[in-house]
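To start, the structure itself, in structure tokens.
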Amino acid sequence: NEKAFHAQGGIGLIASRLDALSPSQDLALKAASVLGDGFSSDLMMQVCPGNQDPDTIRDLLAGLTERQLLRATPDDDCYTFQHALIREVTYQQLTRDQRRDLHRRAAETLQNRSAADLRPHFAMLAHHWSLAEEPNATLRYSDLAASQALAAGAFEEAERLLRTCTHLAGETLAPVP
């Protein structure tokens, strides 16, 4: 119970720090929470709504770093969350519409950036399209990622992805008369 108490206190503290952000900082941090543990400013420029210019994105990331929500990595163009709980609390504050839109933007960006060879990104594309609530794209990339997982011997991952495919196929296919 003591751990739960401290975790709740930490969540409340983080939430109050997030409440103090400007609307643009809040949206940038939410976009970052969708991208994962680490991301580049270039990726943020593509995913953060409003098609921000590089200077604006750098200023937003610098402000979030000064507030100790993010930290710059040794590769000064990349950032990570100061703590996993900051990312988790930020992600939980997304509205359904924000979550769908940001995951859609992330999936589209990944597809466009990696169009020459999407194979290394099948699982991540399945993840983003799923959370963007795009069943056809989720089905496609989950199937491709499941095949990769099977070939690599990652059977639990393959099973999870195939369950997603089975579930989505049942929803999207018309019943047989």
Nearest 0.5 Å, please: how far is CG in Leu125 from CG in Leu110? 4.5 Å
Testing Leu69, Leu64, Leu29 one by one against Phe81 for a side-chain contact (heavy atoms from CB on, under 4.5 Å), which residue passes? Leu29
Apply side chain to side chain contact (heavy atoms under 4.5 Å, CB included) to Leu94 and list each qualifying residue two or more places apart in sequence or on a separate chain. Lys30, Ser33, Val34, Tyr91, Gln98, Arg99, Leu102
Full working for side-chain hydrogen bond (donor to acceptor under 3.5 Å, both in side chains) between Gln111 and Trp129: CA-CA 11 Å; Gln111 278 184 236; Trp129 284 123; 2.8 Å; yes
Without swapping roles, check the side chain of Gln46 against the backbone of Leu43 for a donor-acceptor pair under 3.5 Å. no
So Ile86 and His83, side chain to side chain contact (heavy atoms under 4.5 Å, CB included) or not? Walk me through it. CA-CA 5 Å; Ile86 294 170; His83 193 280; 4.1 Å; yes
Salt bridge (charged side-chain N to carboxylate O under 4.0 Å, His left out) between Arg163 and Glu159: does it pass, once the steps are laid out? CA-CA 6 Å; Arg163 285 186 190 280; Glu159 180 183 15; 2.6 Å; yes
hydrophobic_cluster_shared for Ile14 and Leu27, side chain cutoff 4.5 Å: no
Relative to each other, are the rings of Tyr141 and Phe122 parallel, tilted or perpendicular (30° and 60° limits)? tilted
Do any pairs count as a salt bridge (charged side-chain N to carboxylate O under 4.0 Å, His left out) and have a residue in residues 135-147, sequence neighbours left out, and if so which ones? none
Worked verdict on Thr80 versus Asp37 for side chain to side chain contact (heavy atoms under 4.5 Å, CB included): CA-CA 6 Å; Thr80 61; Asp37 296 327; 5.8 Å; no
With sequence neighbours excluded, tell me which residues meet salt bridge (Lys or Arg N to Asp or Glu O under 4.0 Å) with Glu134. none
